[in-house]
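Notes for the one structure printed next.
This is a predicted model, so every value here is computed, not measured.
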Amino acid sequence: MKLSEEGKRLLLEGARALGEDLGPHLPRFEQLYDRLTEANRQVNLTALREEPAIVLKHFIDSLSCLLSGRLEGELEVIDVGTGAGYPGLPLKIVRPALRMHFLEATRKKLRYVEETSTALGLLGTAFLWDRAEAVAHQPRWREHFDRAVVRAVGPVGEISELCLPLLRVGGYLIAQKGPEVGAELEGAEEGLKPLGGVLEEVKAFELPFTGDQRRLVIIKKVAPSAPRYPRKPEAIARHRLF
């Protein structure tokens, strides 16, 4: 299915509201939309089916990570629980210098992301078929990345335990959340200590056109994570750090 003229307008104007000019990148976003809508007929990649929802709540929402101001330059980035490639694919399109690693436990979704990345000609990408709690204990990847991006994975306490061990000291976790995130951050100061993290900023903004309230939770890695983290999923669920 091709992106309509109205869809292109929403994409360009929505990105402009975030301070981004997508004009040079429009052909790749058209390809991305075409591939997503076509593949979604065969594989359940996303519950979003209508063009405006895909453009705004996948493409533009992904690009809102750039409002963090911490995704510029040649960085090693991991998109944890990428699903159908969000936010990683839109970010890689507009910031090609990012070395983007897509981490996903569902093989069919990761295969789609890899095939789409190849079709779009995105260079400097890698694809990890595994769970974050396993990858974070692998010497190759532990405390390797400059940035971790994540959305729609779980509460901030859980996200932090999964992601911070993947970050080098000086790196940042950028978590996309809704306006209710304040309750999830209670106890974060103490809970982040064993992970080596500090809460640096919660950036509030409004998603263009929809008016939906969004938050970017930005956590800095200031010390190595304790070796026992992340724990197994059942342990995390039973007792979150915060």
Side-chain angles (χ1 to χ4, degrees), residues 1-79 81-102 104 109-127 147 149-152 174 176 203 205-214 216:
M1 186 180 298
K2 302 299 182 183
L3 189 62
S4 71
E5 291 303 315
E6 175 62 12
K8 294 176 190 177
R9 184 190 71 82
L10 282 177
L11 180 62
L12 293 171
E13 292 186 12
R16 193 173 297 120
L18 300 178
E20 294 293 322
D21 176 13
L22 288 195
H25 308 293
L26 186 56
R28 275 183 167 149
F29 277 98
E30 290 183 85
Q31 279 184 277
L32 183 58
Y33 178 80
D34 187 33
R35 288 189 61 85
L36 177 61
T37 52
E38 183 63 31
N40 209 40
R41 296 174 180 174
Q42 311 298 325
V43 179
N44 186 23
L45 296 170
T46 174
L48 300 180
R49 306 284 176 171
E50 301 300 320
E51 182 183 79
I54 291 173
V55 169
L56 296 173
K57 296 188 177 183
H58 275 331
F59 298 173
I60 298 301
D61 193 42
S62 293
L63 295 178
S64 70
C65 289
L66 298 172
L67 295 174
S68 69
R70 294 169 174 86
L71 285 167
E72 305 299 329
E74 296 182 2
L75 301 170
E76 294 275 351
V77 183
I78 185 165
D79 180 358
T82 186
Y86 302 98
L89 284 174
L91 290 173
K92 178 64 179 175
I93 290 172
V94 301
R95 294 293 187 272
L98 297 177
R99 294 184 292 276
M100 188 67 69
H101 296 65
F102 298 88
E104 173 57 45
K109 290 183 178 180
L110 189 66
R111 184 182 299 113
Y112 161 80
V113 175
E114 184 170 1
E115 291 173 351
T116 296
S117 179
T118 299
L120 270 57
L122 302 179
L123 304 178
T125 56
F127 308 90
R147 304 288 186 270
V149 292
V150 62
R151 72 168 184 165
I174 302 165
Q176 296 184 273
K203 189 174 186 66
F205 66 97
E206 189 175 278
L207 192 65
F209 291 107
T210 71
D212 293 349
Q213 296 299 308
R214 294 285 195 268
L216 291 179

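- With respect to the salt-bridge test (charged N to carboxylate O, under 4.0 angstrom), the residues D79 and K92 do not qualify.
- At a threshold of 4.5 Å between non-hydrogen side-chain atoms, the residues F209 and P52 do not count as touching.
- For the side-chain contact (heavy atoms from CB on, under 4.5 Å) with T116, the lone residue among L122, L36, L89 that qualifies is L89.
- The structure places CG of L26 at 10.5 Å from CD of Q31, a figure rounded to the nearest 0.5 Å.
- Within the 4.5 Å cutoff, the side chain of L91 has no heavy atoms near those of the V77 side chain.
- The minimum heavy-atom distance between H101 and R99, with the atom names listed, is ND1-O, 3.3 Å.
- Note that SG of C65 and CD1 of I174 are 6.5 Å apart. Values are rounded to the nearest 0.5 Å.
- Every pair passing side chain to side chain donor-acceptor pair (under 3.5 Å) that includes a residue from residues 18-29 is listed here, sequence neighbours excluded: E20-R95.
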Candidate pair L12 and R16, rule side-chain contact (heavy atoms from CB on, under 4.5 Å), full reasoning: CA-CA 6 Å; L12 293 171; R16 193 173 297 120; 4.2 Å; yes

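- With contacts defined as side-chain heavy-atom distances shorter than 4.5 Å, the pair Y86/L45 does not qualify.
- Remark: the backbone N or O of G7 is paired with a side-chain donor or acceptor of E51 at under 3.5 angstrom.
- Side-chain contact between V55 and L3: present, with at least one pair of heavy atoms (C-beta onward) separated by less than 4.5 Å.
- Side chain of S117 to backbone of V113: no donor-acceptor contact under 3.5 angstrom is found.
- The minimum heavy-atom distance linking D34 with K2 is given by the pair OD2-NZ, 3.6 Å.
- In this structure, CD on E72 lies 7.5 Å from CG on L98, to the nearest 0.5 angstrom.
- Salt bridge absent: R35 and E38 never bring a charged side-chain N and a carboxylate O closer than 4.0 Å.
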Audit row: F29, V94, side-chain contact (heavy atoms from CB on, under 4.5 Å) steps and yes/no: CA-CA 10 Å; F29 277 98; V94 301; 3.9 Å; yes

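- The main-chain N or O of L207 is never found under 3.5 Å from a side-chain atom of D61 such that the two would form a donor-acceptor pair.
- Contact check for D212 versus L56: no side-chain heavy atoms found under the 4.5 Å cut-off.
- Between the side chain of R147 and the backbone N or O of L71, no donor-acceptor pair lies under 3.5 Å.
- Take L67 and apply the side-chain contact (heavy atoms from CB on, under 4.5 Å) test, not counting sequence neighbours, and it matches L18, S64, K203, F205, L216.
- Contact check on R111 versus E114 returns no salt bridge, with no Lys/Arg side-chain nitrogen under 4.0 Å from an Asp/Glu carboxylate oxygen.
- Listed for the E74 side chain is no donor-acceptor partner under 3.5 Å among the backbone atoms of A97.
- Proximity of Q176 to R214: side-chain heavy atoms (C-beta onward) are nowhere separated by under 4.5 Å.
- Between I60 and L11 the shortest side-chain heavy-atom distance falls below 4.5 Å.
- At a threshold of 4.5 Å between non-hydrogen side-chain atoms, the residues R151 and P87 count as touching.
- Ring planes of Y33 and F59: perpendicular class, angle over 60° (limits at 30 and 60°).
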